[in-house]
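The structure appears below as C-alpha cells.
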Amino acid sequence: MGAATVCGVLAEMRIQGLGVIEDALLELHAGFTVVTGETGAGKTMVVTGLHLLSGGRAEVSKVRTGMLKAFVEGRFTVSGVEGAERIVADAGADIDEEDGSVIALRSIAVDGRSRAHLGGRSVPVGVLADLSEQLIAVHGQNDQLRLLRPAEQRAVIDRFAGEAVAKPLKTYQEIRAEWLAVIAELTERSTRSRELAQQADLLKHGLTEIDAVAPEPGEDGELSAQIKRLAAVDELRAAATEAHVAVSGSPDGDPDAPGALGLVSEALRRLSTSEDPVLRELAPRLQEASVLLSDVGAELGGYVETLDADPALLEKVLARQADLKRLTRKYAADVDGVLAWADDARRRLESMDTSEEALAELAVKRDSLAQQLAAHAVEVSAARTKAAEELAAAITAELSGLAMGQAAIDVTVERRPAEHGDTHALAIDGHAVHAGPDGVDDVELLLRAHDGAPPLPVHKAASGGELSRVMLAIEVVLAHADTVQTLVFDEVDAGVGGRAAVEIGRRLARLARTHQVLVVTHLPQVAAFADQHLVVDKGMTGGVTRSGVKNLDPSERVRELARMLAGMDGTETGRAHAEELLAVAEADKAAFETKRKRGKKK
C-alpha cells in the first residue's frame with residue numbers, strides 16, 4: 001500500500017471475495033475519483049465494501065461463491081482528525097508514524113461470522129462505525145428515500161445548522177428528561193397513593209423495629225465470638241494455666257516443675273560459665289529464647305486473669321444476639337444486610353410521600369421545568385428557522401447549476417400541535433405543542449418546480465431525474481457543512497442525462513476541491529470531470545466470472561468514456577466525442593480553479 005499525504009481521507013481499499021470481485025486494489029487520491037464499469041461488473045461492490053468498513057451489516061450472500069470469507073481492507077489517514085485519533089487510541093490500535101494512517105479490516109465468513117480489526121487489533125464492529133463517522137459519508141439512492149422522511153428532513157437542518165441548533169437542543173433534551181421524570185413521579189404518586197401509603201407503612205414499621213434494636217455493622221459476628229469465649233471460660237482457663245506453668249514453671253516454686261523458662265535459664269548459666277568458646281557462643285541464642293519465653297509467660301498470665309466467669313454477661317450477650325436474629329430472619333441474612341435494607345427503605349420513603357404538600361411541591365417543580373423547556377424549545381425553533389432559510393437558498397442555488405434554474409426549495413419549520421391526551425404536551429405562546437426528543441418542530445422540504453407553481457413535498461413535485469438532482473443538491477450543500485473529508489456518491493445521478501449530467505459532473509468536481517470525492521456512476525458526462533478514473537472490469541476464467549479494478553491511463557479513459565456513450569468505444573466518432581467531453585471538463589475545472597485562486601488572493 002502506498003503513501004497517504006492528506007488528512008482524513010481513504011488512501012486505499014482492497015476487496016477480496018466480495019460479490020463478483022475476487023481481488024481488487026483501489027489506490028485513491030485526494031480530489032475526484034470516479035468508478036465505472038459495465039452492468040454486473042461489480043462496481044457497486046466498491047460501495048458495499050465501504051459500508052462494511054463503516055461497520056455496516058454483514059450479509060453472507062455478498063461472499064463470493066467458492067470462497068470461505070470475504071475481506072475488505074482500508075487505509076485511512078487519521079493524523080490531524082481529533083475524533084478519529086481518539087477512537088483509534090481508545091481501541092489500543094497503532095497509527096503508522098510515517099504517514100499517520102491506520103488500517104481497518106472487516107471480514108465475513110460463509111457461516112455468518114463477522115470480524116473487525118483496527119490497527120492490528122481485534123475490535124467490535126461498532127468501533128469501525130464510530131471511526132467512519134469521523135472520516136467518511138456515503139450518499140446513495142437509499143439516502144434519497146431516507147431524506148424524504150420528516151424526521152430525516154429535520155436532521156438535515158440540524159446538520160446544516162451545526163452548533164447553532166446542537167447547543168440549545170442539547171440543553172432542551174437535558175431539561176426535557178428532568179421534566180418527564182417529574183411528570184412520571186407525580187403521576188405515580190397520584191394514581192397509586194393508597195398502594196404507596198400501604199408500602200410506606202410497612203417500611204416505617206420495619207425501620208421502627210430496626211431502630212429500636214440499633215444494630216452496629218458486623219455486630220452479629222462479634223457477639224458470636226464473645227459468646228463462644230464466655231461459654232468456654234473454664235476450658236480456656238485450664239488450657240491457658242497449664243500452658244503458663246509449662247512456660248514459667250510452678251507458681252509455688254516447686255523445683256521439680258521449673259518450666260521451660262527455668263530450664264533455659266539453667267542451660268544459659270552452664271554455657272556462660274564454660275571455658276569452651278564454642279559453648280559460650282551458643283549463650284546469646286539461649287538468651288534470646290529466654291526473653292521470648294518470658295514475654296509469652298507474661299501474656300499467658302494476663303490472659304488467665306481476664307477469664308473470670310460472668311453468667312450475667314453471658315445472659316446479656318445471648319439476649320442481644322436473639323434481638324439481632326429477629327431482624328436477620330425478617331430483613332436480611334446478616335446485620336450488614338439489615339442496615340442496607342434500612343438505608344434503602346429510607347430512600348424509598350422519600351419518594352413515597354403522597355401528602356398534598358408533597359404533590360403540590362412536585363407540581364410546582366413540573367411547571368417550572370415546563371417554562372424552562374418552552375424557552376429552550378423556542379430557541380431551538382428560532383435557530384432552525386434561520387438555518388432553514390439559509391439551507392433553502394443554498395439548495396436553490398445548487399439547483400440553478402443543475403439545469404433546474406426555475407425551481408426553488410422552501411424549507412418549512414412549524415410547531416407540531418399536541419393531540420388530545422398527549423402526555424408530552426407543552427404550552428408555547430398559548431398553544432399546546434408536542435415536546436418530542438428533538439424539539440417541538442416539524443420540518444418539511446418543499447419544491448416549487450417553476451415560477452408560479454405551488455410548493456409541494458419534494459417527492460410529489462419532482463420527476464425521477466429531478467428528484468436525483470434535488471437530492472444531489474442537498475448532499476452537496478450538506479457536504480460543505482460536514483466535518484468529514486471523504487464523500488462517496490453511489491449513482492445519485494440515476495435518471496439524469498444530457499446537460500443535467502454535465503452540471504452534476506461539474507458540481508462534483510468543484511466539491512472535490514475541498515473534499516475527497518468518490519463517485520460510482522454510469523454517466524460519461526460525470527466521469528469526464530474526474531481527476532482519477534477507476535474501472536471495474538469483468539472477465540471470464542475457466543467459466544467463472546471475475547472482476548478487478550483498474551486505474552485508467554488517458555488513452556484507456558477515452559475508450560471507457562466512448563463505451564459509456566452507448567457502446568461507441570469501437571468507433572472514431574465515439575472516441576472523438578469522449579475526447580471532447582474530457583477537454584470540456586478539463587477546461588471547466590481549470591477555469592474554476594483559476595477563479596478560486598483569484599478569490600483567495602482578494
Positive for side-chain contact (heavy atoms from CB on, under 4.5 Å) with [X], one of [options]:
X: Arg510; options: Val476, Asp588, Val517; answer: Asp588
X: Leu105; options: Arg14, Arg115, His117; answer: His117
X: Leu561; options: His533, Gln525, Glu556, Glu580; answer: His533

Where is the tightest heavy-atom contact between [X] and [Y], given as atom of each residue plus distance?
X: Pro457; Y: Leu446; value: N-CD2, 3.6 Å
X: Gly55; Y: Leu128; value: N-CB, 4.2 Å
X: Asp438; Y: Gln173; value: OD1-NE2, 3.8 Å
X: Leu52; Y: Ala58; value: CD2-CA, 3.9 Å
X: Leu565; Y: Ala578; value: CD1-N, 3.9 Å
X: Gly17; Y: Met67; value: CA-SD, 3.3 Å

Answer whether the closest heavy-atom distance between the side chains of [X] and [Y] falls below 4.5 Å.
X: Phe32; Y: Val526; result: yes
X: Met404; Y: Val470; result: yes
X: Val443; Y: Thr412; result: no
X: Phe489; Y: Val520; result: no
X: Val127; Y: Leu131; result: no
X: Leu426; Y: Trp179; result: yes
X: Asp553; Y: Arg557; result: no
X: Ile157; Y: Val413; result: yes

Inset, instruction - Would you please test Phe592 and Arg513 for side chain to side chain contact (heavy atoms under 4.5 Å, CB included) and show each step? - result: CA-CA 10 Å; Phe592 177 75; Arg513 297 308 96 194; 3.6 Å; yes
Approximate separation, where rounding is to 0.5 Å, of [X] [atom1] and [Y] [atom2]:
X: Leu391; Y: Gln153; atom1: CG; atom2: CD; answer: 10.0 Å
X: Lys170; Y: His376; atom1: NZ; atom2: NE2; answer: 13.0 Å
X: Leu135; Y: Leu53; atom1: CG; atom2: CG; answer: 11.0 Å
X: Thr396; Y: Gln406; atom1: OG1; atom2: CD; answer: 13.0 Å
X: Leu26; Y: Thr33; atom1: CG; atom2: OG1; answer: 9.0 Å
X: Gln134; Y: Glu85; atom1: CD; atom2: CD; answer: 10.5 Å

Is there a donor-acceptor contact under 3.5 Å linking the side chains of [X] and [Y]?
X: His522; Y: Thr36; value: no
X: Ser114; Y: Arg106; value: yes
X: Asp441; Y: Ser381; value: yes

Quick one: does [X]'s side chain have a donor or acceptor within less than 3.5 Å of a partner on [Y]'s backbone?
X: Gln532; Y: Glu27; answer: yes
X: Arg507; Y: Ala473; answer: no
X: Thr521; Y: Leu523; answer: yes
X: Glu38; Y: Asp537; answer: no

Inset, instruction - Could you please spell out the steps behind the salt bridge (Lys or Arg N to Asp or Glu O under 4.0 Å) verdict for Asp442 and Arg416? - result: CA-CA 6 Å; Asp442 278 333; Arg416 183 189 306 176; 3.0 Å; yes
Inset, instruction - Step through the shown structure and confirm whether more than 12 heavy atoms of other residues, nucleotides or ligands are within 6.0 Å of CZ on Arg121. - result: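 Open.
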Inset, instruction - Please test Glu73 against Ile103 for side chain to side chain contact (heavy atoms under 4.5 Å, CB included), starting from the C-alpha separation and ending with a verdict. - result: CA-CA 7 Å; Glu73 183 179 2; Ile103 303 292; 3.2 Å; yes
Legend entry - Intermediate values then yes/no, side chain to side chain contact (heavy atoms under 4.5 Å, CB included), Leu25 and Val549: CA-CA 7 Å; Leu25 175 65; Val549 178; over 6 Å; no
Inset, instruction - Go through the steps to decide whether Asp410 and Arg448 satisfy the test salt bridge (Lys or Arg N to Asp or Glu O under 4.0 Å), and finish with yes or no. - result: CA-CA 8 Å; Asp410 292 335; Arg448 285 181 278 119; 3.0 Å; yes
Legend entry - Intermediate values then yes/no, salt bridge (Lys or Arg N to Asp or Glu O under 4.0 Å), Arg154 and Glu444: CA-CA 7 Å; Arg154 182 175 57 237; Glu444 188 171 22; over 6 Å; no
Legend entry - side chain to side chain contact (heavy atoms under 4.5 Å, CB included) assessment of Leu18 paired with Thr48: CA-CA 9 Å; Leu18 192 65; Thr48 300; 4.2 Å; yes
Legend entry - Counterpart residues, salt bridge (Lys or Arg N to Asp or Glu O under 4.0 Å), relative to Asp111 (two or more places apart):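 So Asp111 forms a salt bridge (Lys or Arg N to Asp or Glu O under 4.0 Å) with Arg113.
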